[in-house]
Each structure stands twice: as C-alpha cells, then as structure tokens.
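Position 1 is the first residue of the sequence, and the numbers go up from there. Remember, it's a predicted structure, so these values are computed and weren't measured experimentally.
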Amino acid sequence: MKKIILFLLFLQLSVSSVNASEVTHDFKVFLGPFSAAQTTFTYSLSPTQYGVTSSVKTAGVFDTLYPFKADYHTSGKIKNNSFETSKYHYKSQSRFNRRHKELIYNEQGLPIYRISSKNDKEKKVKLEPSPNHKGTTDLQTVMAELAFQYNTFKFCDSRMQVFDGKRRYDVIFKDEGKEEIFANEYSSYSGYATKCSMYIDKLASQGDDLLWELTSERPIYFWILEQQNKPFIARINIKETPLGELNVYTTNVNIKD
C-alpha cells in the first residue's frame, strides 16, 4: 500500500505561465471505501528554474495499521525548454524505520552519487557513467516537464526518460479525450476535463515491488481541469490494486503568481 501512495505524489500535476508562479494542491486518497492518505503537492516554475515539493501521510485505518509519512523535494534548471535536475531528496518515517535518499548530480545534470540511509546507517554509492543515463531525470521532474508541455501545447502525449539511482525506465503519457467529471462529497471540482493515462515501460528490466508492477501492467488515469487559466489535476484513478480501486480527489488548489 505504501508504494501506491508514494506514486500518487508524482501524478499530481499543476502548471504555471511563463512568469514565476506557484501552485499548491491538497488531495485525499481513497482505497476502496476507506480514506488512505492525505497529500500536499507544490509546484513552481519560472523561465529558468523549477521546483517540486510533496508530502504524504497515511490517514484513517491505514494510519493506525501502517503509520507512514514522507517528504520529497526536487529542483533544477530549464535550458532551451529542457529540464535538468540539480537536486533530489526524500525522507520518510514509518512505525519502525527512518529512511533518506539523495541523488547528487554534476553540472551536466547527470547523477553521479546515490546517498541513502536507514535508521541513520548511511550508504554512498558511486553511479558509473552510462549512455543510458543521458537525458534522464527523476520522476518529479517528469511531472514538471509534462506540466510545461501541457501548458504550451494542451496535450499529454509524450515519452520521458527516468533514472531513479537504480533503474532506468520510460514514463509514457497518452491523451484519452475529453470527459465530464462531477463534484461529490470529496471534491467540489467539476467540468469537462482532459483525460490522460500514464504507465511505465520497464525497458525489459525486472522489478519485484508493487509500484513497479502496477504502473507497468495497467494505465493510471488522471483528469485535468483549469482554474485561473492554469491547468491542474482534479482526479486520479487506478481501477485495480491488491487493496481495491484507488481514487484521488483534489480538495483545494491555491495559486500564487
């Protein structure tokens, strides 16, 4: 369940104009009929820099059975409409473990070290140079790239390259047309939305965690609306997970120019 919740942090898309601005989302995550987590996502974009921060915390019965919280931060540069990661790190706390991970990048935006820790036992791993790492970013940067693309061209179709410090994979987005969504008890946002899908191409590599399998075997759908002429994600859905259907609802959007 933790892997599913973590992945949601990177599906929460907000988009800004060419001037610097910041958009903050608040979300509620449901697995089946149960409230599973609360998340906050803040995205900022200027002509030369970007930043993404996000946090997640389990809620309801899930917080009782498996308390978990995490914070993520990514920042980087925008050069000739290309995104180059400069910093990526996260920290998490579960019932028994504290974890931390950081990717160190060189001036060309290539990852050169992975630093991780579990309960304060730190490990530093040198990442060997590889042609497969060229042009890759982290998963939060992928969402910043999609935001930039959608704000400019109003479509989702794209294929973006990711290296997470261990594995190389591609993230594929597809346009699924327009669809009307309706307000409900969890979210007041409604209207004709752009429906997009997302999944991961594992590039023939193997993985054994839930995130890896869910995002490569079935699409994850999300719906984009606009507020103050700025698109944002209003809903997210995964039809099937081991714990039931997963739905994410936007409860609040705050925009600062």
Side-chain angles (χ1 to χ4, degrees), residues 1-14 22-44 50-75 85 87-104 114-123 138-144 162 164-167 186-187 198 200 207-215 220 222 232-238 241-254:
M1 191 273 291
K2 178 184 71 173
K3 293 292 185 181
I4 300 173
I5 295 173
L6 291 179
F7 184 67
L8 297 174
L9 291 171
F10 309 111
L11 288 175
Q12 298 152 2
L13 167 66
S14 56
E22 179 180 281
V23 182
T24 298
H25 290 63
D26 294 321
F27 297 85
K28 284 188 176 181
V29 182
F30 290 84
L31 276 169
F34 300 105
S35 175
Q38 295 178 336
T39 74
T40 299
F41 179 83
T42 299
Y43 176 93
S44 61
Y50 73 92
V52 184
T53 60
S54 50
S55 65
V56 60
K57 186 181 186 304
T58 48
V61 65
F62 290 96
D63 193 49
T64 301
L65 297 175
Y66 188 85
F68 177 83
K69 61 180 180 180
D71 296 288
Y72 297 77
H73 175 75
T74 302
S75 61
T85 306
K87 296 179 180 179
Y88 169 82
H89 66 82
Y90 86 84
K91 61 180 180 179
S92 67
Q93 174 74 58
S94 62
R95 190 186 302 275
F96 302 110
N97 295 309
R98 297 184 308 278
R99 296 180 185 271
H100 170 267
K101 178 180 175 181
E102 183 176 2
L103 294 181
I104 307 299
R114 182 182 71 246
I115 301 173
S116 60
S117 68
K118 180 179 179 181
N119 296 329
D120 300 324
K121 293 182 179 180
E122 188 172 279
K123 179 171 63 174
D138 64 280
L139 194 52
Q140 286 205 129
T141 296
V142 161
M143 300 313 299
V162 173
D164 66 4
K166 290 184 178 180
R167 295 177 294 199
Y186 308 118
S187 175
M198 172 183 176
I200 283 177
D208 59 0
D209 63 69
L210 188 56
L211 165 63
W212 199 242
E213 296 306 321
L214 279 176
T215 54
I220 297 172
F222 55 99
F232 66 93
I233 282 290
R235 306 280 169 87
I236 302 169
N237 173 266
I238 305 176
T241 79
L243 297 174
E245 184 174 8
L246 185 146
N247 286 287
V248 181
Y249 300 97
T250 300
T251 59
N252 185 61
V253 176
N254 184 34

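In this structure, the side chains of Ile115 and Ile104 come closer than 4.5 Å at one or more pairs of heavy atoms. Between Tyr72 and Leu139 the shortest side-chain heavy-atom distance does not fall below 4.5 Å. Side-chain contact between Asn97 and Lys118 is present, with at least one heavy-atom pair separated by less than 4.5 Å.
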Self-check item: Test log, rule side-chain contact (heavy atoms from CB on, under 4.5 Å), inputs Thr39 and Val29
Solution: CA-CA 8 Å; Thr39 74; Val29 182; 4.1 Å; yes
Quiz item: Is there a side-chain contact (heavy atoms from CB on, under 4.5 Å) between Val56 and Phe68 once you walk through the steps?
Solution: CA-CA 8 Å; Val56 60; Phe68 177 83; 4.1 Å; yes
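Checking side-chain atoms of Arg95 against main-chain N and O of Leu65 turns up a donor-acceptor pair under 3.5 Å.
Between the CZ atom in Phe222 and the CD1 atom in Ile233 there is a gap of 5.0 Å [rounded to 0.5 Å]. Rounded to the nearest 0.5 angstrom, Asp26 CG and Ser187 OG are separated by 11.0 Å. Note: Lys166 NZ to Ser116 OG = 6.5 Å, rounded to the nearest 0.5 Å. Here the CD1 atom belonging to Ile238 is positioned 5.0 Å from the CG atom belonging to Leu246, to the nearest 0.5 angstrom. Between Glu102 atom CD and Arg114 atom CZ the span is 12.5 Å, to the nearest 0.5 Å. For the atom pair CG (Asn247) and CZ (Arg235), the distance works out to 8.5 Å, reported to the nearest 0.5 Å.
A donor-acceptor pair shorter than 3.5 Å can be found between the side chains of Thr141 and Tyr50. A donor-acceptor pair shorter than 3.5 Å can be found between the side chains of Asn237 and Glu245.
When all heavy atoms are compared, the tightest approach of Asp164 to Lys101 is O-NZ, 2.7 Å. Here the closest non-hydrogen pair linking Thr251 and Phe27 is OG1-N, 4.0 Å. Minimum interatomic distance between Gly244 and Leu31 (heavy atoms only, all atoms of both residues): O-CD2, 4.1 Å. The heavy-atom pair separating Gly165 from Leu103 by the smallest distance is CA-CD2, 4.0 Å. The shortest non-hydrogen separation linking Arg98 to Asp120 is NH2-OD2, 2.6 Å. Heavy atoms only, all atoms of each residue included: Phe62 and Leu243 are closest at CE2-CD1, 4.3 Å.
Ring geometry, Phe41 versus His25: the interplanar angle exceeds 60°, so the pair is classed perpendicular (tilted spans 30 to 60°). Classified by interplanar angle (parallel below 30°, tilted 30° to 60°, perpendicular above 60°), the ring pair Tyr249/Phe30 is perpendicular. Taking the six-membered ring where the residue is Trp, His89 and His73 present tilted rings, their angle falling between 30° and 60°.
Considering only residues two or more places apart in sequence or on other chains, Asp71 meets the salt bridge (charged side-chain N to carboxylate O under 4.0 Å, His left out) condition with none of them. Under the side chain to side chain donor-acceptor pair (under 3.5 Å) criterion, Thr250 pairs with no residue at all, not counting sequence neighbours.
Environment of NZ in Lys69: sparse, with no more than 12 heavy atoms of neighbouring residues, nucleotides or ligands closer than 6.0 Å.
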